[in-house]
Every structure is written in C-alpha cells, then in structure tokens.
Amino acid sequence: MVFENKNSHWIDPYTHKFKESFKDINLLDKKKEYWRFASPSIWYDKFTLKKFQETRSSQSIKFDVTNYNFLRFNDGILDTETLRNFINKNKNVEICSFESIFLKKDHWSSLKFCQAQLNAEKSYERPLALFNGFNAKDGVFIKFKKGVKKDLHIIYEGNNKKNCCIRNLFDFEENSEIKVYEHFYGNSKYNVVSELFVADNSKFEHYKIINQDISETVIYHFFGNCKKNSKVKTVNFSFTDTPVRNEINLYLEGTNCDATVASMGFGKKESSICDNTVFISHQEESCKSRQIIKNALKSGAKAIFQGKIFVASKAQKTDGYQMSNGLILTDDCEFLVKPELEIYADDVVCSHGSISGTLNDDHLFYLRSRGIPLKEAQKKLIQAFFSEILDEVSDDNIVYYIQNQISEILTL
Amino acid sequence: MFEIKDLHVNISEVEKKIINGINLKINPGEVHAIMGPNGSGKSTLSYTLSGKEGYEIEKGDIELDGESILDDEPDERAAKGIFLAFQYPIEIPGVGNLSFIRTALNSQRKFNGKDELNPAEFLKILREKADYLNVDMEMLKRPLNVGFSGGEKKRNEILQMALLEPRFCILDETDSGLDVDAMKQVSKGVNSLRSEDRSFLIITHYQRLLDYIKPDFVHIMAKGKIIKTGGPELALEVEDQGYTHLLN
C-alpha cells in the first residue's frame, strides 16, 4: 500500500483529511441530499465482488486504439510499457503515474492536487470520492503544455475481479486542445476520480464509454476547474447493466467558459442503475453550460438524473440549459429526476426540462407503413433517441463504434 | 385488384363509429378519388386500409387480389404493395431520411424474397428517381422530414412511393398545404407512376388536385359511407355546388 510506506509526503495531509471526513459519513443514511435515489453503499461494498457478476452478458467489441496515443490500466494498475510509449511519442506533455509522484518532492501537481475536488466538496459531500482520496493506488497525472493538440485513449481493463481505485489529474495549459477517451472493460470494480484544470482559451473534450461487458459497479467523479474562454465537453456512454454513477462537477471560474455535459445510458436489466449527478457552478460572467441526459430503460432498469445549475451573484449573462429524457420501454422501469436551478444573479437565461415517455406510436406507424417490421422500427427509434448525444462526438470512428454498440444491444 | 367489402370501423380510443359500410372495388390501373366534407371518415378510411392501430374493424373485409389483409400488420400490408401518402408526413428527429428509405426498401424486398440492395445500388436508383421528381439530394441527408417545407414533405412522400413501387397507393389529402406550383410538381410525380398494374385512391376535399391527376371514378363520402359515385364530372359538380345538395 503506497501511503503506508511514504511518510511526510506533501500528499499526506490530503489523504489524512479525506480519511477523517470519510469516517464521519454514514453510507446508509437515506436522507442525504443527492443520495436519496441510490445509496452510496451500492458503490461501496467494502471490497466484496459478488452481487453483479452474473450480469456479464457478452464480451464487448473493443475499440481499436492501435493508431492512437493510448495508456492502459490492467486491474487498476497503469501498464508502464504504454506509459513509456506515450512518453517517447509525445513532446510538450509531462506525464507520470500517480504512484511515481511519491518519489518526487516538488512535483508540479502538488499545487493542483485535490483543489478541484475540494472546490466541489463545498457544494455537497461526495463520500466515494473521499474514499478514493485515501485508497487510490494508481492513476495518471498529465500536463499538456501551451498550445498542444492531442488525442489520448485510456483503457481500463479488468480481468481479475479487482477493486480499482484510480486517481487522475489532467492539467491543460493555455490554448491547448485535448481529447481524452476513456474505455472501461471487464470484471473489476472501479472508483475513479479525475481532476481537471483547464487554462485560458483551452479546449477539452472527454468521452467515457462504460462497455457492455463491465460486470461490476463503476463510480466516476470528474472535478473540473475552468478558466476564461475555455471550452469543456464531457460525454458519457453507459452500456452495462451494473450500477454506474457519473458525478460531474464543473466550476466555471473564468469568463466566457463553455461547458457541455452529455450522457446516454441503456439499461436492460433490474440490476442496471445509470446515475448522472451533475453540478455546474457559474462563478463568472458570460459562461454557457448545457446538460443533455438520455436514458433508455427496459426490464426493471433504473436511471437517475440530479442536475444543478448554480449561478453566483457575479455571474451575470449566464446561459444555462438542462434537459433530461427517459425512454421507458417497459412499465417496470424508473427514471428519477431532480433538476435544480440556484441563481443569485439577475441577468441570466437558465432553463431546465425533463420528458419521459414510451416510443411514439405515430412514429412507429409511419416507419411500419413503409414496410419496416416492428422490431426494426423500434430499433430505429431507439437509435434516433440517442442521436442527440452522438451528435456531440467529433470523432467519426467513435460515433461508428457507439452506433455498433447500440445496434448490438438492440439485436440481443 | 383491391376491394373493400361492407367495411364498418370504430375508433377504439373514443369508441366512436366512423365508417358505416363502405363497398369499393378498384381494378389495376384505375384511379379513384374520394371527396367529402370534414368528418366524413376519409382519413379514417386511409388509416384503416394501411393497418393503423386503434382502428377497430367491426364488420366487413379488405382484400388484395382476393385475399383478406385484415390480419396483416402495417409493414406486411406495405410489403404486399399498399402505400399511404400521409396528409401530414411526420417529422422524426434522429432518423436519417436516406437510411430510412433504404431500410424500407430492403425490408420490402426481403419480405418478397428478393435480394437486399447494397448502398451503391440503392443510391443509383435513388438518384434517378430524385432527379426526375426534382428532389434535392441534400434534403435526403437530413433527418426524416425534419424542417422540411410542406412541398418538400409531400415530394418526399412521392419519392418514397416511386422507390417502393407499390401496387395500390392511397393519397390522403396530398394537396393540403401545397401552393399551385408544388401541387403541379407532386401531381407530375404521381402521374409518372400511373401504370396498368398500379391503382390509386386519392382522398381530397377539392377538385383542383383532380385537374392535375385525372381520376377514372369519383366517390362522394359522407357520414362514413359512399353516397354517390360518378366520373370526373362529379368532382366539378362538387366544386360548383358544394356538398350540401348531395348530402340532402
């Protein structure tokens, strides 16, 4: 265990703080705001791996990363060969594993580590992120220098039913343009925290794909601090039938920031929970944010969306938008929604809405009146439901990959 | 041959009887027009013929070449050659127009035991038909009917008809929402599809569409029944005197 062997390291006060805060939390308290629809105990099962293994349905078709920059984690541990390859191929990037920062006294990350998470903790408590804070064993810390443009794929493979606590830190200097794609596969249980620091005029796109063959729970915290004129987009795709919680906190602390959070989930079994808990905090003027959440649900699956737009008194001319849609394919499903606006400025445009329903009968009839059989027509309409999320993806190969995943699920 | 025999239809949602005994025989190559005032049951008839859910057949039969199609689902009826051009073609965001038409065509081919068309074969046929009907290929790349003008929507319906090559076409108030030029264009498309083995049932309020698509027979429908049948002159009579005198 890393922490036990490294005394008096700059990281210790943080881990101590997280550990102490975590101790005071009752994980079974159902009254906790933002945990009313799903208990944290679902994701904190004290290192037991029994409940959801039977849900593994099939091997996922894996996205081919051969021609991309990529890093791989095997059961939560960074594959050092992929790290070496990345270092050899990429200039203007500083990168190291989470473990190795303990060997460095004045690492650049010491000024940023935990800062985005602590910012987020001001709004509400995130027990599983605290847990990650003193249990993370590995991760990747990357600094993209000024003006760098890069794509990076991060693959999380689980083959040995491990509990993987991973901590990442992404630091983007001014004018950088970065796309990070994260792919989750296999039978390990994941608790990932990624902190993000986006400097002025930078652009960051983040795509996370929780594949079908994930057979354990996934909780992912994404804490971002965004400076002026930055543009951040994070898109989540969830295909597993295990509980997935996607917690996003974006702190827009510069003017003219543009943030997009999009998520699609396709729950097909009672064991499926797709939980998106999103908090976007507008701290400065003229920032824009959009939240678009889509969940298709059948056979007892559940989805949750808790989304908040917070506008500080200083954040005039804020433009905030939030929309969640549930496509309920069988009567035994639940889509639980808690949209919130908290506004202290007076010159803002903020809107939110939520619509749930079944497939539209008139749409189905139109398609069938042209000879398309019922199942094929339903498939087309479910794909159409998700199209708004796919429109957010800028890489055609990823779009094609996601479309195939949806298609594969629909033919099962 | 398409035949409607003593058809009685209820709309199950409102439990209201709309069609009260219609008999109609349409031979291959014939064009029949049904005219009638609002609420006479014209659109109900078109939905019933194409198999829409919620239209309960209380009595009677619908036959295609002597075989009942009452038990056929809408897609099976379509694959057997029945096509409904909608009065208000529906917008479906997220469904690409091209992909939709190709899926429809290949579904029908599969039903009829033919090989499916690959994308290149499909595009070749599509281009030919689109050119003839003056349909912009760019329009076809958009989601199905989304943001289309009234004329574009109706041209898209006729394009689908041209590609699917049905044997029996129902045009439900195709003239509604069209200006004169758009109506001429749509009519040109319909006329180009007239053939010895394809028949049409044109539902309309007004005679003006029948100036461009000449019918062989005109039927007047009221209160769920055909109350009078004649030649094209019957449409002119309606245009001149309205429906009131026929209803009385």
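Predicted, not measured: the structure shown is a model, and the values here were computed from it.
- Considering every non-hydrogen atom in both S107(B) and G371(A), the closest pair reads CB-O, 3.1 Å.
- When heavy atoms are compared at a cutoff of 4.5 Å, F100(B) approaches chain A by way of both its backbone and its side chain.
- In E116(B), the CD atom is crowded: over 12 heavy atoms of neighbouring residues, nucleotides or ligands sit closer than 6.0 Å.
- Atoms NZ and OG1, on K380(A) and T103(B) in that order, are 3.5 Å from each other to the nearest 0.5 Å.
- The part of N145(B) that comes within reach of chain A is its side chain, from C-beta onward, which places non-hydrogen atoms under 4.5 angstrom from that chain.
- If you take CD1 on I90(B) and CG on N360(A), they are separated by 5.5 Å, rounding to the nearest 0.5 Å.
- Other residues, nucleotides and ligands contribute more than 12 heavy atoms inside 6.0 Å of the CG atom of N118(B).
- In this pair, F365(A) and Y47(B) present their aromatic rings perpendicular. The plane angle is above 60°, beyond the 30 to 60° band.
- Heavy atoms from other residues, nucleotides or ligands lying under 6.0 Å from NZ of K338(A) number more than 12.
- Only the side chain of L144(B) comes within less than 4.5 Å of a heavy atom of chain A; its backbone N, CA, C and O stay farther away.
- At a 4.5 Å heavy-atom cutoff, E388(A) makes no contact with chain B through either its backbone or its side chain.
- Under the 3.5 Å distance criterion, the side-chain polar atoms of R370(A) are matched with a main-chain donor or acceptor of L84(B).
- What you find for S369(A) and F86(B) is that their closest heavy atoms are OG-CE1, 3.5 Å.
- No more than 12 heavy-atom neighbours from other residues, nucleotides or ligands sit within 6.0 angstrom of CD on E270(A).
- Heavy atoms of L374(A) lying under 4.5 Å from chain B belong exclusively to its backbone.
- In K52(B), the NZ atom is crowded: over 12 heavy atoms of neighbouring residues, nucleotides or ligands sit closer than 6.0 Å.
- Nearest heavy atoms, H363(A) versus E91(B): NE2-O, 3.3 Å.
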